[in-house]
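The structure presented is a predicted model; accordingly, all values stated were derived computationally and were not measured. Residue numbering restarts at 1 for every chain, and letters A, B, ... go by the order of the sequence lines.
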Amino acid sequence: MSLWRQVTRGLRGLLRRSERDREIDDEVQHYFEEMTAAYRAQGLSDEDARRVARHECGNLHTAKEHVRTYGWENTVRTFVADLRFASRQLRRNPSFTAISVVTLGLGIGASTAIFSAIDPILFKPLPYPHPGRILMLWNTWQGGRSEIAFGTYLELSQRSHSFESTAIFGPWQPTVTGRDEPQRLEGQSVSARFFKVLGVAPLLGRDFSTSDEGPHASKVAILSDALWRQLFHADPAAIGQALKLDGDNYTVIGVMPRDFDDVLSPSAELWTPDEYDSSQITREFNSWEWGNHLRMVGRLKPGVSRAEAAQELAGIARTPWSQFPRPRWASLKLGLIVDSLQDDIAHTVKPALLAVFGAVIIVLAIACVNVINLLLARSAQRAGEFAIRGALGASKRRIMRQLVTESMLLTFLGGALGVATAVAGVRVIVALSPTKLPRLNAISFDPAAFLFAFVLISIIGLVAGVMPAHHIVRNGLLFRLQSASRRIASTHLWTRRFLVVAEIAMAFVLLVSAGLLVRSMQRLVAVDPGFSPSYLLTLEVVTSGHQFDDIAANPGGADRRRRFFEQALDAVRRVPGVDRAAFTSLLPLSDDPPVAGIYGAQFEDQDSDSGYNVFRYAVSPAYCSTMGIPLVSGRFLGEQDSEGAPPAALISESLARHHFGNRNPIGSRLHVGPRNRPWFTVVGVVGDVKQTSLSIDDEDAVYLSTRQTWFADDTLSFVIRARGNAAALVPAVKSAIWSADKEQPILRVITMDRLMAITEAHKRFILILFETFGIVSLLLAAVGLYGVLSGSVAERIHEIGVRMALGATRGNVLVLALRDGLRLTAFGMAIGLCGALAAGRAIASLLFGTSVLDPGSWFGALALLAVVAALACWVPAWRGANVDPASALRSE
Amino acid sequence: MHGAHLVCHILTIKMKCYYSALMTDKNTDVIQGTLDLLILKTLSLEPIHGFGIARRVEQVSRGVFKVNPGSLLTALQRLERAGWLNSEWRNTENSRRAKFYSLTRAGRKQLEIEEADWNRRASAVAHLLEQEA
């Protein structure tokens, strides 16, 4: 087999077709002439010779054809011809083409985009060695995950034998100075084995070691690749250089690899060892080492399963040892929650993501059904064409090949649109996603998903396109040309009707789900947060710098801090347009980590083992009135509650109810935080405020004056009630704060309304997705219904003509057609009821204040579907009613 | 003109099916593999045109093997593309242009291979027949 010759001769045949054909003609002609000459030489007459030769050679024309069709170039030519014919067919039916391509494109694109988004969160393994062995360990509070204390970590790491290495980590946000301008960085404060647990070592320099931990070690930091490039311009000599963070000199000891992805804190740029002092674990439990604000992660030893580790940890939690004393709030009485890192990252969003994934599968199914319907309809129309072609000598294979080409062309166009939709869709998803979405930076267009969806739809398109033709061709072509042909079309019409009913059912399921989510969102937004959020501006002000340190070597540091905040507040009050102003250590419905604000509270009449976990708000006296928190009994905090005065506290209504019931709480005493401080006296009860989210009930709270609390918070949120537009006051307020000290960073400047919107952004995003899917599926189902009904009317045109001739009015015919369509819709809805119920149960965890059988959503979905279906049925019904009876009778 | 062409076309397409059937019905049909061998052998003597090959084959086999132009010319095309034959347009004795085929070196080698193969098969069949007799 000479490849070269095959290629060149084939190309010559392809490109210089007429020349080659002429050569073949010449050769065959020459053959015939030579044969004639040979017979003449044998003595036959000219005419006889010709006759015999013709008989011997057979039909010359056929011989020429035979020779011509040899060669690979013929396959190519046939394929190109098929392609041109197919594209011409598609162009002649623009509406069919457009609808099919758009349906395919949207189906493929949407499912690929959603799957690309979900894959890194739910399915793809984490980018660490043996990621299945990395576990997160949590304390338990109110049935859910809660952070742990350093003391707990020490106990668990020393007592447990299941882990190769364990580590703790917490947020760290230092300000880097000494460069062009101060910049606040995102980082993590970790224990020395943090990177060993993850299994990734720094590319440059070295990892942390245990000698770097603790308050007395010299300060070191490891940078991310991006930060190293930004600050040191990728200079390898950065190792060993100093970086001024929060006023201290940190030595850079390492740089992480470029592709390192810290899933525990995706925006972290640098890491430093923690500064907890193991010697501070005293029985007083007053130190920072016992605050529940850290997260713990561990890598299992090879061979130890998660269940074994969980069991061991549960045992440790149940049996306290004397050398590891535990305070009440870290008693581990409720056990520990142990989860694999992958599940842990996804667990808050998993139900929502799975719901969205389910919805997208439904949309894809509807798209497939629509495409099948369209193709079946078209095949029924073209049955006549196939019959004629068969009569002209086309083999079954030839017709099939042409149909396959057509289907493939359609699917290819749909696929091209699908790629564009998927890529755009992924960008939209990333843009609209709440920033808290885990693994957000790992979301990108996933080719595997696209391939899967494309192949699936191609197969379906192929089957749907080829199936009817196969049926027709096999049953004999003449049969088709007769009027009894209608039977074949009606077989397919039943398939199509069944498919449309399925479509309507699925669309109904999606509409009900979307409706439930809409109701849920309405209820959520209607929840009273406990304060009045309008015209409220918030700013987060940080005090950084050593002049504020509250340590023995820096006397008066805490006082300087308090003074700065109060001076800033006074300046803010003087800004025109400001009605009231105050500050607080914890801002409701913000992303302030709740654990930073939860402390233990113990009333006078409680024994040392019991108490409440409450939100501690260190506030300025005017806080409650600025926020609009109502006073239930007693008085607000005031100027009289200052350093020397008896410590006063406000408690929230729910805390009062929990502990005092109907009794009067005013005058009772309680401890908040450390037990060795003077008692706080309750001077008033205020209304409940939602702190974490509108949907969560956690309103036990205590309000203290910043002047009387036992430590000075370094970060306070200023709340300003404006007389008019809150956002317009931002520049003036900022300069007012900076007039007290211009070195202090101001972060998170945002109005309360916007903050509340962002907090629910996650739910809103899911809702938008479902609404989109609902609408898309509704449109697709409507198109499908329209198509089927048009086909049905077209098929019954003869019958309609007869009816009209017998006296039926236009109205009668209209009702006839409409009834047909609405019957299909009703069937679809009935089937969809069960599906919708199942779907509602599946998304129950996403709903708030809405039961799965919420009548408003169900009736709304029903009504919407009925209206759209009626519209979709109206057009073909109207056309059928307006047909001219005479031509209807004549048509076949 | 189109109508006549169309009818002609339809008829010939229809007849093509019968044509191939005809050709395979005859018990003097020449199967593709043997045809290759015969062509190569004929061309090993001297280069000739298509009809020349057909006449030589018919003559030497004393009428046992008859080829039709369609199959023969297709086979010649195939062998040429395989690299075993070369072709060129020349003038015959009647000063008529014809396509002459000649054997290439690779063609000669292929001829040897096919000859050996045929002999092997023929002797195997002969042995089988001897046994049954």
To the nearest 0.5 Å, atom NZ of K99(B) lies from atom NE2 of H30(A) at 12.5 Å
Does R5(A) have more than 12 heavy atoms from other residues, nucleotides or ligands lying within 6.0 Å of its CZ?
yes
Heavy-atom pair with the smallest gap, counting every atom of P69(B) and A63(A):
CG-CB, 4.4 Å
Interatomic distance, E33(A) atom CD to T92(B) atom OG1 [nearest 0.5 angstrom]
9.5 Å
With chain B as the partner chain, list the residues of residues 15-26 of chain A whose heavy atoms fall under 4.5 Å from it, by residue number, and write 'none' if nothing qualifies.
R20(A), E23(A), D26(A)
Closest heavy-atom pair and its distance - V67(A), T74(B):
CA-OG1, 3.7 Å
Honestly, the part of E80(B) sitting under 4.5 Å from a heavy atom of chain A is both
For E27(A) and W89(B), the nearest pair of non-hydrogen atoms, with its separation, is N-CH2, 4.2 Å
Looking at F85(A), I'd like to know if its CZ atom is crowded, meaning that more than 12 non-hydrogen atoms belonging to other residues, nucleotides or ligands lie closer than 6.0 Å.
yes
Heavy atoms of other groups near F412(A) CZ, more than 12 under 6.0 Å:
no
Region of A38(A) that comes under 4.5 Å of a non-hydrogen atom in chain B
side chain
Which heavy-atom pair separates F51(B) from M35(A) by the least distance, and what is that distance?
CZ-CA, 3.4 Å
Is E47(A) atom CD crowded by more than 12 heavy atoms from other residues, nucleotides or ligands, each under 6.0 Å away?
no
Shortest non-hydrogen contact between Y31(A) and A54(B), atoms and distance:
OH-CB, 3.0 Å
State the CD-CZ distance between Q6(A) and R81(B), to the nearest 0.5 angstrom.
5.5 Å
Considering all heavy atoms, the nearest H66(A)-S71(B) contact
ND1-N, 3.9 Å
